[in-house]
Amino acid sequence: MRKRMSESETTVQSGRGFWRDKALWRSRWLRSGGFLCRKGARLLLLLLGVSAAAFFLVSLSPVDPLQTNVGQAALGSMSQEQIARLRSYWGADTPPLQGYAAWLRGALSGDLGTSLLYRRPVLSVMGEKLKNSLWLTAAAWLLSGAGGFALGTLAGAKQGTQADRVITGAALLLSGTPAFFLALLLLSVFSVQLGWLPVGLSVPIGMAAEQVGLGHRLVHAVLPGLCLSLSGMPNILLQVREKMLQVMESDFVLFARARGDSWRAVAVRHGLRNVALPALTLQFASVGEILGGSVLVEQVFSYPGLGQAAVTAGLGGDVPLLLGITVASASLVFCGNLMADVLYGIVDPRMRKAGGLL
Amino acid sequence: MQTAQDHQPLLAVEDLTIRFLQYGRGLRRRELAPLQHVTLGADRGQMTAVVGASGSGKSLLAHAVMGILPYNAQVLGRMYFDGGPLDAQRIEALRGREIALIPQGVSWLDPLMNVGRQLQNGDRSPQRKALCTKALQRYGLSEETQKLYPFQLSGGMARRVLMASAVVEAPRLIIADEPTPGLPAVTARRVLSHLRQLSQEGAAVLLITHDLELAAQTADRIAVMYEGTIVEQVEAEAFQTGEGLSHPYSQALFDAMPGHDGFLKLKGR
């Protein structure tokens, strides 16, 4: 017994002394440095792969940028010389491999090229679109996360009740509804029938830019934001509910009840704590889904954001802009997942005490 | 056997039956009764052991007294605590304060909450903190233990933390559900001596175990559980001498103990 005790005592000591121990601190830093390097290399590989895939998919696309952007009639009235100039402007005369190599060379030196449709540097077009999209997607991301977490824990804690049935039923229905269909539905109810909210765009039509206030922008963002939040919510909600069910059936919840905790205290003190971790991971991993959803939703609402720009660039054969948006979105999704990894290591005591990831 | 009327033990369980309704395919219902007509008493200052094979319903008995059976369980029969009937409402008012459970293992602690917080149970007043520190000290656990998470506890430490959690307040009935499995013999014996001490301080201790040998050494009375019912409740000495055991199952248990007649094969019901 005594020997066993002293053993367990020493493991505890080393666990606690971890923070004080210089050598371990150094190894911790080395390890976190290694972690960041590995992740950085992975990001580079990912971006390389994603941009290459996007580029070659576009080169396989049946969309002819000349016919789309200039028009068959206009092309017919042009001289061969003019057409050749246009072909070279749209990059239709360069072989894909050569074109990609040229883009990559520019991208590596920080130049993402010039948008063919907007005739401005890709970065400035993206910056402008991102400004419109960012707060829309960020709000939707936060709302879907918070709503999904709150309703999911509630449904899980009150398993089998009327509230649970309504919430879970709605979530299943929503998760089976495509985002664009939900967008159309919201439009037809709130904009067309009730007339409460504008039908589309991010600012009122025909209003001078300097007259547009924050109120106008907010009113125009309500429906797309709501649609994005609603379509992102069921995924988090159902997973959180499932986890909550597991927690409420666990031994430690039984023990908490045996120690006199009320049902509510158990749900709050033990339920939320144990559900928060997977919910956090899910929330950061859902960045990709929100971004993907925004492409369709912005299209339906004619909302001039990054998602709509991606569609325009894809259909119009604007390769530099499309690649720029692809690379930016991939980076955002990657950062979301990375945040989930890192936060888990910080928040979960089991991983934190073991040194975590960072 | 004593009943609530003539002696009034602290905890009296009379004719307790637990049934589960299970829904099979379609509308077919199946009824299981893992605990049938259990009568049992646990008295102040005494350690009563409930001994039986795994699956005989021992833990269910503990869970019934604590009121933490699954929602589809149906409880029939009577339970008395300190002379008054022990119904769901009273259990809810008493558990954690007058009735305490010492659960089986570390999985009964929240993995994401440190020991101190779990013992405080939401009450962060200095008084409560002092009580927790005292309870941990009683089992040789330092203040530092409060900052540890369950995964950092060794098996023996976890067992002592669970024991400490029961004595933060001064319960009058302590139910220890299988506190010894997985522990080396020395540690197991120490755990039982801690329980013994609690009973000597006046609490009624209900020890649920499958280890008859340990129970016979430490408990005052032994209730033998077989196939969901208590077949007899005797003084612990009966399992030292073999006298006074009337049921064939308890006699078989006695014979199977080291140094006794050997193993007798029993026919099932």
Side-chain angles (χ1 to χ4, degrees), chain A residues 1-19 158-161 243 245-280 344 346-354, chain B residues 62-63 65-71 91-114 117-119 121-122 140 142 144-145 147-158 160 162 165-166 168-169 175 177 183-190:
Chain A
M1 175 68 187
R2 183 130 305 172
K3 185 160 176 286
R4 214 184 125 76
M5 274 309 310
S6 65
E7 267 169 27
S8 66
E9 234 51 87
T10 47
T11 43
V12 170
Q13 275 307 315
S14 69
R16 295 196 49 73
F18 192 79
W19 299 89
K158 289 183 175 276
Q159 186 199 7
T161 60
K243 181 70 194 169
L245 289 185
Q246 269 178 31
V247 170
M248 293 308 276
E249 279 171 11
S250 68
D251 286 345
F252 60 85
V253 161
L254 218 53
F255 186 43
R257 279 180 52 212
R259 280 182 301 163
D261 281 11
S262 69
W263 176 89
R264 181 182 292 268
V266 171
V268 171
R269 206 173 309 137
H270 299 285
L272 290 186
R273 180 183 299 260
N274 280 275
V275 165
L277 278 176
L280 201 67
Y344 215 100
I346 294 171
V347 178
D348 189 333
R350 285 164 295 195
M351 287 177 76
R352 186 175 62 228
K353 301 276 172 168
Chain B
H63 290 196
V65 177
M66 296 305 302
I68 52 172
L69 289 169
Y71 67 97
I91 291 176
E92 218 162 298
L94 291 178
R95 68 185 175 198
R97 296 190 297 113
E98 305 222 350
I99 308 179
L101 175 73
I102 300 175
Q104 294 186 1
V106 72
S107 76
W108 292 68
L109 291 173
D110 188 332
L112 300 183
M113 201 187 262
N114 67 31
R117 285 275 176 79
Q118 307 215 31
L119 259 57
N121 220 13
S142 64
E144 301 284 284
T145 318
K147 294 183 196 135
L148 298 181
Y149 287 87
F151 76 96
Q152 294 170 300
L153 302 173
S154 69
M157 270 174 106
R160 286 184 285 156
L162 291 173
S165 80
V168 171
E169 305 196 31
I175 302 178
D177 188 3
L183 291 185
V186 197
T187 318
R189 208 152 286 159
R190 174 169 298 195

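Just so we're on the same page: letters track the sequence lines, and every chain starts at 1. The structure presented is a predicted model; accordingly, all values stated were derived computationally and were not measured.
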Checklist entry - Can you tell me how far CE of B:Met66 sits from CZ of A:Arg257, rounded to the nearest 0.5 angstrom? => result 10.0 Å

Next on the checklist: I want to check something: taking the side chain as every heavy atom from C-beta on, are A:Phe255 and B:Ser165 in contact at a cut-off of under 4.5 Å?
Outcome noted: yes

Next on the checklist: Quick check on the structure: residues of residues 262-270 of chain A within a heavy-atom distance below 4.5 Å of chain B, by number.
Outcome noted: A:Arg269, A:His270

Item to check | Choice from B:Ala93, B:Pro70, B:Gly105, B:Pro103 maximising heavy atom contacts with chain A below 4.5 Å | outcome: B:Pro103

Item to check | Residue pair B:His63, A:Leu254: steps toward the side-chain contact (heavy atoms from CB on, under 4.5 Å) verdict | outcome: CA-CA 9 Å; B:His63 290 196; A:Leu254 218 53; 4.0 Å; yes

Item to check | Top contributor to chain B interface from A:Val253, A:Val247, A:Asn274 [non-hydrogen pairs under 4.5 Å] | outcome: A:Asn274

Checklist outcome for this item: chain A shares the most heavy-atom pairs under 4.5 Å, among B:Ile175, B:Ile91, B:Leu109, B:Asn121, with B:Asn121

Next on the checklist: Please check this pair: side chain of A:Arg273 against backbone of B:Leu112, looking for a donor-acceptor N/O pair closer than 3.5 Å.
Outcome noted: yes

Item to check | chain A contact via B:Met113 - which portion, at a heavy-atom distance below 4.5 Å | outcome: both

Item to check | Smallest separation among heavy atoms of A:Pro349 and B:Phe151, with atom names | outcome: O-CZ, 3.7 Å

Next on the checklist: Using heavy-atom distances under 4.5 Å, tell me whether B:Gln118 contacts chain A through its side chain, its backbone, both, or neither.
Outcome noted: both

Checklist outcome for this item: Note: vs chain A, highest number of non-hydrogen pairs under 4.5 angstrom among B:Asp110, B:Leu162, B:Asn114 is B:Asp110

